[in-house]
Amino acid sequence: MTLRIFNTLTRRAEDFTPVSPPRVTLYTCGPTVWNYAHIGNFRTFLFEDLLRRWLEAQGLEVYHIMNLTDVDDRIIKEAGARGVSIRDFVAPFIEAFFDDRDFLRIRPAHVYPRATEFVEPMVRLVQRLLEKGIAYRGDDGSIYFSIERFPAYGRLSQLDRRELKAGASERVSSDEYAKEDARDFALWKAAKPEDEAVGAAWEAPFGRGRPGWHLECSAMALELIGQQYGVDVLDIHAGGVDLIFPHHEDEIAQSCAYTGQPDFARYWMHGEFLNVRGTKMSKRFGNITTPRDLKQDGVDAGAIRLLVFQTHYRQKLDLTDDALAAAREGARRLGDFAHRLQGAMAAGDGAGFGAAAERLSRDFAAALDDDLNAPRAVAALFDFVTEGNRLLDAGERPGPVAAAAWALADGVLDAATAPRFVSVPGRPTGGAVTAEVISETPPTDPGRLDGWAGEWKSRRDAAKARRDYAEADRIRKLLQDNGFEIRDRKDGVTEVVRR
Ligand SMILES: [Zn+2]
């Protein structure tokens with residue numbers, strides 16, 4: 001095992017050693033399903049997907065948990081305003097989240113626990129903290145965590161130089177609060193009429209109420225890894241940098257106070273923000289781009305993955321139109337090459353391909369082992385594409401070694417946009433072209449577009465056959481202007497690809 005990852009807990013790159021290899025328990029904070037998750041959220045999920053895929057590529061068996069926060073202040077407020085239960089309110093957003101995940105080719109977690117379905121272990125956790133005297137009841141009836149009673153508080157976020165505000169007068173019950181001060185936080189919020197109205201209240205020995213956001217992750221993670229493996233410490237916990245404080249700090253406090261373990265997770269990894277044209281992307285500022293917006297714009301998932309992986313996960317990423325256009329072109333280049341490579345496969349590797357594949361495997365692994373340096377891994381992949389195209393032009397054939405190196409790198413990044421070939425309507429080879437006139441203006445019905453391009457392709461084949469190269473070039477240009485690329489392959493076959 002040579003993987004090194006930057007551990008937020010120690011602010012250092014450390015060798016990654018799971019507690020019980022080949023098993024790795026991975027917990028990643030999931031979305032609060034009160035709206036469509038934006039591309040900034042998905043940047044974090046894509047970094048976690050890369051982590052997951054690289055661990056699995058090493059033969060590790062990852063057990064991946066991602067929670068769905070389906071009860072919180074915002075959800076209760078929105079559900080109340082619409083007069084529906086929280087369960088009904090979140091249902092379409094959960095569905096949309098899974099659609100977006102699949103569109104972006106993110107490997108599904110093994111389990112997606114919903115907060116509202118894990119209330120019992122949450123109640124158990126709070127009960128134990130009350131018994132240990134680490135939690136207390138406030139005069140508002142809610143249960144709070146006393147950070148004074150947990151000396152390690154502030155370790156993850158390095159809060160030691162900040163003021164800790166303990167005690168009932170300085171506590172906080174909101175799910176989101178000022179990130180500057182450390183305060184006692186609510187584990188369990190006493191039920192209010194507006195909670196009851198939307199089905200967001202549960203019975204507990206310490207009073208009817210609902211869980212605080214931080215509590216959810218602790219209780220669900222511990223419950224699931226306990227059930228699955230009988231352990232109470234995670235290998236890796238990941239999320240966005242904005243979760244370090246207070247969310248992850250509070251998760252550690254609750255979990256460690258409950259289990260008595262020094263750690264809740266042995267490695268903490270945090271992904272940086274994504275900015276849209278320089279402004280931090282967040283629903284709160286009305287600056288939203290969701291994967292579904294991009295999909296509607298015809299952007300392929302390969303381009304988004306490539307764009308994200310071209311920046312290291314611990315660096316801020318700017319999403320601009322230019323960057324996206326460049327990533328689209330890059331992803332197409334990968335897809336075109338994959339198609340070419342596949343088509344040229346032989347039983348054995350040519351010498352050039354053997355050497356290039358070895359270089360790819362070595363550089364790719366070295367890059368990702370170095371704290372998931374995806375930009376370097378991407379560069380290694382494009383070096384291989386450049387060299388591979390040169391070798392193919394020179395007539396060299398790739399074999400199993402090249403295929404395996406490509407499959408590993410492509411399988412981890414999954415950033416290629418497959419070329420979309422236009423199927424040309426059946427016409428016997430060399431058959432006569434109909435005399436029927438076809439329009440030079442493409443049909444407005446998108447379903448008829450491929451047929452139109454295919455028809456022009458046949459005309460061009462015929463023009464070439466009678467050596468009317470001016471006409472053939474004119475048709476090539478016509479198709480190009482309408483989003484189709486014509487490729488005359490060396491073996492005489494002509495392909496039409498939709499751009
Ligand atoms: Zn969490």
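As the structure lists them, so they are numbered: ligands from 1, and atoms in each ligand from 1.
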- Do Glu387 and Arg359 pass the side chain to side chain contact (heavy atoms under 4.5 Å, CB included) test, and can you show the C-alpha distance, the side-chain angles, and the key distance before you say yes or no? CA-CA 11 Å; Glu387 176 67 0; Arg359 213 161 37 238; 4.1 Å; yes
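- Using a distance-only test at 3.5 Å, with no hydrogens or angles considered, a donor-acceptor pair links the side chain of Asp235 to the main chain of Thr25.
- Residue Glu251 counts as close to the Zn ion (ligand 1), with an N, O or S atom under 2.8 Å.
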- Stepwise side chain to side chain donor-acceptor pair (under 3.5 Å) test for Thr2 and Asp369: CA-CA 6 Å; Thr2 49; Asp369 277 347; 2.7 Å; yes
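- Checking His247 against the Zn ion (ligand 1), an N/O/S atom falls under the 2.8 Å cut-off.
- When distances to the Zn ion (ligand 1) are checked against a cut-off of 2.8 Å, His248 contributes no N, O or S atom below that limit.
- Residue Arg376 is tested with Asp363, Asp383, Asp370 for a salt bridge (Lys or Arg N to Asp or Glu O under 4.0 Å); the sole match is Asp370.
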